[in-house]
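What you are looking at is a predicted structure, and each value in this text was computed from that prediction instead of being measured.
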Amino acid sequence: QVQLVESGGGLVQAGGSLRLSCAASGRTFSSYGMGWFRQAPGKERELVAAISSGGRTNYADSVKGRFTISRVNIKKSVYLQMNSLKPEDTAVYYCAANSMVVVTTIESVEHWGQGTQVTVSS
């Protein structure tokens, strides 16, 4: 019914930038709350950024000022622009969606993407 496919991950040096993309299927994408989570080895999956159907955004303190989440509803896509990357940002990044409610926690997620690896070298 709903599929999320991430792309744009890769290996970058500290201080560099990456832009992640999430392409979604679904009849009513514009109504979905969307978000990005990340999970590093041995750590719990955590919310990085979220954007509501109305365009309101929320960021983890660790990425605030460096990352920007956006969406283009006509393309059924959500993006994560990551600047000033740090080695601590290394993780698998997952696109996430909820059909009605804003994405806040893991429990709020109805649909997950497969993930894309981001590796930041020191």
Side-chain angles (χ1 to χ4, degrees):
Q1 182 66 39
V2 177
Q3 294 186 45
L4 306 172
V5 181
E6 303 97 332
S7 62
L11 174 64
V12 298
Q13 293 184 329
S17 298
L18 283 174
R19 181 177 174 86
L20 305 184
S21 299
C22 175
S25 66
R27 299 176 181 177
T28 55
F29 174 81
S30 62
S31 298
Y32 276 63
M34 303 293 297
W36 289 93
F37 288 75
R38 68 185 181 187
Q39 187 166 25
K43 295 186 178 295
E44 295 184 344
R45 192 170 298 187
E46 63 176 355
L47 178 68
V48 176
I51 185 167
S52 72
S53 61
R56 292 187 294 272
T57 58
N58 188 41
Y59 298 92
D61 289 341
S62 60
V63 307
K64 193 171 298 182
R66 299 188 296 121
F67 291 10
T68 303
I69 188 171
S70 61
R71 66 193 297 163
V72 180
N73 289 339
I74 193 66
K75 295 183 178 180
K76 295 184 178 181
S77 296
V78 62
Y79 306 95
L80 186 68
Q81 178 66 46
M82 305 185 294
N83 298 325
S84 301
L85 283 162
K86 305 175 180 179
E88 304 94 280
D89 296 318
T90 295
V92 177
Y93 284 70
Y94 297 90
C95 184
N98 184 288
S99 61
M100 292 290 293
V101 182
V102 295
V103 172
T104 54
T105 65
I106 293 175
E107 290 74 21
S108 72
V109 177
E110 294 179 336
H111 308 285
W112 293 99
Q114 64 182 359
T116 184
Q117 177 71 47
V118 172
T119 302
V120 184
S121 62
S122 60

Do R71's NZ or CZ and the ring of F29 fall within the cation-pi criteria of under 6.0 Å and 45°?
yes
Go through the steps to decide whether V92 and T116 satisfy the test side chain to side chain contact (heavy atoms under 4.5 Å, CB included), and finish with yes or no.
CA-CA 5 Å; V92 177; T116 184; over 6 Å; no
Measure across R19 and S70 and return the closest heavy-atom pair with its distance rounded to 0.1 Å.
NH2-OG, 4.5 Å
Can you see whether N58 engages R56 through a side-chain donor-acceptor pair at a distance of less than 3.5 angstrom?
no
Grab the two heavy atoms, one from V102 and one from S52, that are nearest each other, plus how far apart they are.
CG1-CB, 3.5 Å
Under a 4.5 Å side-chain heavy-atom rule over Ile, Leu, Val, Met, Phe, Trp and Tyr, are M34 and L80 clustered together?
yes
List the steps and the verdict of side chain to side chain contact (heavy atoms under 4.5 Å, CB included) for I51 and W36.
CA-CA 9 Å; I51 185 167; W36 289 93; over 6 Å; no
The side-chain contact (heavy atoms from CB on, under 4.5 Å) partners of S84 (sequence neighbours excluded) come to R66
Quick one: list whatever passes side-chain contact (heavy atoms from CB on, under 4.5 Å) with S21, sequence neighbours left out.
S7, Y79
Is it true that E88 and T90 share a donor-acceptor pair across their side chains at a distance under 3.5 Å?
no
side-chain contact (heavy atoms from CB on, under 4.5 Å) with A96: which residues, sequence neighbours excluded?
F37, V109, W112
Flag yes if V78 and V48 sit in one hydrophobic cluster, no otherwise; membership is Ile, Leu, Val, Met, Phe, Trp, Tyr, and two members link when side-chain heavy atoms are under 4.5 Å apart.
yes
Looking at every heavy atom in both A97 and Y32, which two are closest together, and how far apart are they?
CB-CD2, 3.8 Å
For R45 against I106, the heavy-atom pair lying closest together
O-CD1, 3.4 Å
d(T119 OG1, Q13 CD) to nearest 0.5 Å is 13.0 Å
Tightest non-hydrogen contact, residues S108 and N98, listed as O-ND2, 2.6 Å
Do any N or O atoms from the side chain of E6 and from the backbone of Q114 form a donor-acceptor pair under 3.5 angstrom?
yes
Kindly check if the number of other-residue, nucleotide or ligand heavy atoms within 6.0 Å of CD (E46) is above 12?
yes
Which atom names give the shortest non-hydrogen contact between A14 and P87, and what distance separates them?
CB-CD, 4.1 Å
Can a salt bridge be assigned to the pair D61 and K64 using a cut-off of 4.0 Å between side-chain N and carboxylate O?
yes
With sequence neighbours excluded, what pairs up with V118 under the side-chain contact (heavy atoms from CB on, under 4.5 Å) test?
L18, L20, M82, Y93, V120
Would you check if S17 and Q81 make a side-chain contact, meaning some heavy-atom pair closer than 4.5 Å?
yes
Qualifying residues under salt bridge (Lys or Arg N to Asp or Glu O under 4.0 Å), relative to E110, sequence neighbours excluded:
none
So, K76 side chain and G26 main chain: donor-acceptor pair closer than 3.5 Å or not?
yes
Calculate, to the nearest 0.5 Å, the distance between atoms OG1 and CG belonging to T105 and L47 respectively.
8.5 Å
Run the side chain to side chain contact (heavy atoms under 4.5 Å, CB included) check on V63 and R38 step by step: do they pass?
CA-CA 12 Å; V63 307; R38 68 185 181 187; 3.9 Å; yes
Going through the distances and angles, do T68 and Y59 end up as a side chain to side chain contact (heavy atoms under 4.5 Å, CB included)?
CA-CA 8 Å; T68 303; Y59 298 92; 3.8 Å; yes
Quick one: pull up CG in D89 and OG in S62 and give me the separation to the nearest 0.5 Å.
7.0 Å
Does anything in residues 20-102 form a disulfide (SG to SG under 2.5 Å)? List the pairs, not counting sequence neighbours.
C22-C95
